[in-house]
Amino acid sequence: MPKKKNFDTPELSVEELTKALYEVNLELQASNNQILEEQRKNKEFYANISHDLRAPITAISNSLQYLLSSSDITPDEQHETLLMMQKRTSYIENLINDIFLLSSLESSSQKVHKEEVDLRFFLEDYFYMCEDDDRFSNCELQLDIAEDFDAKAMIDPVLMQRVLDNLFSNSLKYSRENLRIMLSAKVVDHNAVISVEDNGIGIEKEHLEHIFERSFQVEKARTPDASSGSGFGLSIVKSIIGHHGGCINCQSIANKMTRFTINIPII
Ligand code: ADP
């Protein structure tokens, strides 16, 4: 007669089961904390967006009211008010574009059109474009691409240009006198290592670990206009680099220098 199988007898001892339950409980607690932290960040993110949108919209609405209700506005005053409204409108436009790009990158709905690109040509093209750009006319631009830098990578040139744009504009925004920006590239362990370094205001140590967070700005109280940032720039940069299988980090010394270093795999 076949022996009856006893399903009720556990294979583990009570102590082993208690230990396993305890460990599962710890894991659950950790993932619960992670979810709570995500929720807190999301709440903060939406509060920041609402604030960043409300401030310029209120300013535009007040200016409109002023233009409509005052009968003795000089043409100069009118022009100045309209210019200010234009700046705030561009700021809102940029902010909305950034939010849209970041959320589509994070949800992977953003199409990444990768193609084989010669990184030396790509970086040189970008550098010479900056040299012709009036925004950089007062700063010293340096290019330092290793002689043996012969690297091709699968990249989306439009998104990768957005990365360089963001890093270069930040160097401009957070600059001091005699600004110098250096773009350099070399190959290390089958990765292209590309860096953008400036001698601007730098970033305090306590802020450094937060700069890639969504909507983080060291100085929140800047007047919003088209050139002031949304605080999304570096999270967009990080996400784009992630979509290329790479990583980015930042080293900085307050009042001295900031260097962003990108690693992307080459083919
Ligand atoms: P923002 O729109 O504020 O420029 P970013 O995400 O591009 O947002 O940057 C986040 C913060 O990191 C900035 O507010 C700024 O304080 C700091 N930062 C970024 N790049 C630089 C730089 N090159 N030099 C100094 N500070 C920088």
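Just so you know, ligand 1 is whichever comes first in the structure, and atom 1 is the first atom listed for that ligand. Everything numeric here is computed off the predicted structure, so don't read it as measured data. Count residues from 1 along the sequence.
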Please could you name the atoms of ligand 1 that Lys173 approaches to less than 4.0 Å, counting only its heavy atoms?
1 (P), 2 (O), 4 (O)
Between Arg214 and Asp98, does any NZ, NE, NH1 or NH2 come within less than 4.0 Å of an OD or OE carboxylate oxygen?
no
Reported CD1-to-CG distance for the pair Ile201 and Leu179, which is rounded to 0.5 angstrom:
11.0 Å
With atom 6 (O) of ligand 1 as the reference point, say which of Leu234, Leu95, Asn199 has the nearest heavy atom.
Leu234
What are the two closest non-hydrogen atoms of Leu67 and Met85, and how far apart are they?
CD1-SD, 4.0 Å
Under 4.0 Å, heavy atoms only, figure out whether ligand 1 is touched by the backbone of Asp198, its side chain, both or neither.
side chain
The answer for which part of His207 has a heavy atom under 4.0 Å from ligand 1 is neither
Using modelled atom types and a 3.5 Å cut-off, is there a donor and acceptor pairing between side-chain atoms of Ser239 and backbone atoms of Ile236?
no
Under 4.0 Å, heavy atoms only, figure out whether ligand 1 is touched by the backbone of Phe212, its side chain, both or neither.
neither
Heavy-atom proximity to atom 1 (P) of ligand 1, picking from Phe260, Phe232, Tyr174, Phe168, points to Tyr174
List ligand 1 atoms under 4.0 Å from Ile203, heavy atoms only on the residue side.
18 (N), 25 (C), 26 (N), 27 (C)
Which segment of Asn166 sits under 4.0 Å of ligand 1 when only heavy atoms are counted:
side chain
Quick one: which ligand 1 atoms are inside 4.0 Å of a heavy atom on Gly231?
1 (P), 2 (O), 3 (O), 6 (O), 8 (O)
Can a donor-acceptor pair be found between the side chains of Glu204 and His207 at a distance below 3.5 Å?
no
Using every non-hydrogen atom in the two residues, find where Ile203 and Ser252 come nearest and quote the distance to one decimal.
N-OG, 2.8 Å
Verify the cluster assignment for Ile99 and Leu101: are they in a single hydrophobic cluster under the rule of side-chain heavy atoms below 4.5 Å apart?
yes
